[in-house]
Participant: 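Can you read through this structure? Questions will come right after.
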Amino acid sequence: MRYTLASLVAGFVFGFGLLLSGMANPEKVLGFLDLFGAWDPSLALVMAGAIAVGVIAFAIARRRHLSFLGFEMKLPSGNNITSRLVIGSLLFGAGWGLAGFCPGPGLVALGAGELKAVVFVIAMIAGMGLFQLAERPQQSP
Amino acid sequence: MIDIAWNQFTPWSALAGGLVIGVAASLFVLLNGRIAGISGILGGLLTPVRGDVGWRIAFVGGMIIAPLVWALFSTLPPIEVKAGYPLIIVAGLLVGFGTRYGSGCTSGHGVCGLSRFSPRSLMATVVFMAAGFVTVYLIRHALGA
């Protein structure tokens with residue numbers, strides 16, 4: 001229960017931060033990605049602000065076996081740069097540049113009642129479903 | 001070389017929003033011991049495992065509720081989507097598949113991964129940002145819109 005409640009709060013604060021940062025607006029995101037046009041560096045400051053706080057939290061988290069609520073720490077351990085990582089990120093970046101939506105802002109814009117965000121999120125979930133289909137034969141041979 | 005759009009640049013709200021996003025990711029890892037990666041949290045709902053569903057719905061729900069609560073107290077910031085529906089659908093498919101195949105998006109790799117100095121996440125972030133730059137260049141400048 002506490003786990004679920006903490007998730008709700010974290011998701012809410014995350015969504016609030018995205019709205020405040022302006023990044024729930026795809027046009028703002030595309031302004032950052034338009035490096036060769038009139039470039040809006042705002043997104044870089046969003047990342048800088050988030051990472052400045054995150055560095056402290058993850059430094060604390062790294063030294064703990066259990067979270068402050070007593071749950072197991074589930075931090076990724078892999079260090080290998082794989083072709084999957086690169087190809088997946090390439091496809092994601094291309095999709096990001098097409099519409100200006102990444103997953104978080106897509107969900108927030110959906111909550112704001114933007115119809116195109118609803119369509120984006122449905123297509124995104126379909127894309128995730130395609131990934132699961134592609135994975136299935138390898139997972140259970 | 002780089003032409004900064006000073007009239008679009010919103011440094012203070014960007015920084016403030018970024019700090020709040022950092023607080024959200026920090027709360028999540030310190031309280032629940034997890035990476036706040038939106039694509040992973042959402043994607044995990046497609047292969048539901050008993051006992052692993054509620055918190056995912058809660059996180060996603062929290063994000064969706066945020067603008068509704070915001071709207072109770074203030075006017076929502078603008079959300080402008082210039083892309084048409086066919087492009088939106090292609091974009092959604094690419095983002096959905098790509099983030100799962102590459103194990104993360106702007107939140108998981110970009111915010112959390114860089115915060116913990118993960119080489120994998122640094123690589124992913126450089127690649128998806130480069131792909132985004134190239135895509136927008138092609139659409140706005142090379143192909144002409």
Side-chain angles (χ1 to χ4, degrees), chain A residues 4 6-8 10-17 20-21 25-27 33-36 38 40 42 45-46 49-51 53-55 57-58 61 67-69 71 73 81 85 88-99 102-104 107 109 111-112 114 116 119-120 123-124 127-128 131, chain B residues 5 8 10 14-15 17-22 24-34 38-39 43 46 54-55 58-59 62-64 66-67 79-81 83 88-89 91-102 105-107 111 114-116 123-124 127-128 131-133 135-137:
Chain A
T4 307
S7 301
L8 178 71
F12 180 82
V13 176
F14 205 113
F16 185 88
L20 184 61
S21 71
N25 183 0
E27 202 53 26
L33 292 178
D34 193 5
L35 189 58
F36 305 99
D40 175 359
S42 303
L45 283 180
V46 178
I51 291 168
V53 179
V55 162
F58 280 97
S67 76
F68 283 94
L69 290 183
F71 299 109
M73 281 286 171
I81 291 171
L85 180 84
S89 298
L90 270 176
L91 296 173
F92 162 45
W96 192 32
L98 283 182
C102 54
L107 291 173
E114 169 59 48
K116 282 180 173 173
V119 174
F120 171 81
M124 176 172 75
M128 291 175 169
F131 164 79
Chain B
Q8 308 284 317
T10 50
L15 196 57
L19 291 171
V20 174
I21 291 169
S26 300
L27 279 174
F28 202 49
V29 73
L30 292 176
L31 296 179
N32 283 4
R34 274 191 181 267
I38 317 293
S39 55
L46 295 184
W55 71 269
F59 191 101
M63 293 194 80
I64 294 174
I79 295 176
E80 309 150 89
V81 192
I88 295 276
I89 291 170
L93 289 169
L94 283 170
V95 169
F97 187 90
T99 52
R100 296 298 282 146
Y101 199 71
C105 59
T106 356
S107 51
V111 173
L114 295 187
S115 291
R116 53 186 198 91
M123 181 60 153
V127 170
F128 67 63
F133 289 141
T135 304
V136 172
Y137 175 78

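The chains referred to below are lettered A, B, ... by the order of the sequence lines, with proteins before strands, and numbering in each begins at 1.
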Participant: What part of Leu46(B) gets within 4.5 angstrom of chain A, counting heavy atoms only: side chain, backbone, both, or neither?
Facilitator: side chain
Participant: Picking from Phe16(A), Trp96(A), Phe58(A), which has the most non-hydrogen pairs under 4.5 angstrom with chain B?
Facilitator: Phe58(A)
Participant: Taking the inter-plane angle between the rings of Phe28(B) and Trp55(B) on a 0 to 90° scale, is it parallel (under 30°), tilted (30 to 60°) or perpendicular (over 60°)?
Facilitator: tilted
Participant: Of all of Ala112(A), Gly104(A), Ser67(A), Ala57(A), which one pairs up most often with chain B through heavy atoms under 4.5 Å apart?
Facilitator: Ser67(A)
Participant: Ignoring hydrogens, what is the shortest heavy-atom contact between Phe120(A) and Gly92(B)? Give both atom names and the distance.
Facilitator: CE1-CA, 3.5 Å
Participant: Check whether any side-chain heavy atom of Pro103(A) lies under 4.5 Å from a side-chain heavy atom of Met124(A), and answer yes or no.
Facilitator: yes
Participant: Quick one: which of Ser21(A), Ala109(A), Pro26(A), Gly97(A) has the most heavy-atom pairs under 4.5 Å with chain B, could you say?
Facilitator: Ser21(A)
Participant: Between Phe128(B) and Cys105(B), is a side-chain contact (heavy atoms from CB on, under 4.5 Å) present by the stated rule, with each step listed?
Facilitator: CA-CA 8 Å; Phe128(B) 67 63; Cys105(B) 59; 5.8 Å; no
Participant: Name the option with the most non-hydrogen atom pairs under 4.5 Å to chain A; the candidates are Thr10(B), Leu114(B), Ile89(B), Leu15(B).
Facilitator: Thr10(B)
Participant: For chain A, find which of Val136(B), Thr106(B), Thr99(B), Val111(B) contributes the most heavy-atom pairs closer than 4.5 angstrom.
Facilitator: Val136(B)
Participant: Is there a donor-acceptor contact under 3.5 Å from the side chain of Ser7(A) to the main chain of Ala58(B)?
Facilitator: no
Participant: Evaluate the side-chain proximity of Phe92(A) to Val127(B): yes if any heavy-atom separation is below 4.5 Å, no if none is.
Facilitator: no
Participant: I'd like to verify something: which residue of Gly95(A), Ala61(A), Ala6(A) has the highest number of heavy-atom pairs under 4.5 Å with chain B?
Facilitator: Gly95(A)
Participant: Do Met128(A) and Ser39(B) have side-chain heavy atoms sitting under 4.5 Å apart?
Facilitator: yes
Participant: Heavy-atom pairs under 4.5 Å with chain A: which of Val20(B), Leu94(B), Leu27(B) has the most?
Facilitator: Leu94(B)
Participant: Would you call Ile21(B) and Val46(A) a side-chain contact if the rule is heavy atoms closer than 4.5 Å?
Facilitator: yes
Participant: Tell me, yes or no, whether the heavy-atom count around Met123(B) atom CE, taken from other residues, nucleotides or ligands under 6.0 Å, exceeds 12.
Facilitator: no
Participant: Could you check which of Cys102(A), Ala99(A), Gly15(A), Gly49(A) has the highest count of heavy-atom pairs closer than 4.5 Å to chain B?
Facilitator: Gly49(A)
Participant: For chain A, which of Gly132(B), Ala83(B), Gly43(B) has the most heavy-atom pairs under 4.5 Å?
Facilitator: Gly132(B)
Participant: Against chain B, work out which of Leu45(A), Leu33(A), Val119(A) has the most heavy-atom pairs shorter than 4.5 Å and name it.
Facilitator: Leu33(A)
Participant: At a heavy-atom distance under 4.5 Å, which candidate from Leu19(B), Val29(B), Leu31(B) has the highest pair count against chain A?
Facilitator: Leu31(B)
Participant: Could you have a look at Gly33(B), Gly22(B), Ala124(B), Ala25(B) and say which one has the most heavy-atom pairs with chain A under 4.5 angstrom?
Facilitator: Gly33(B)
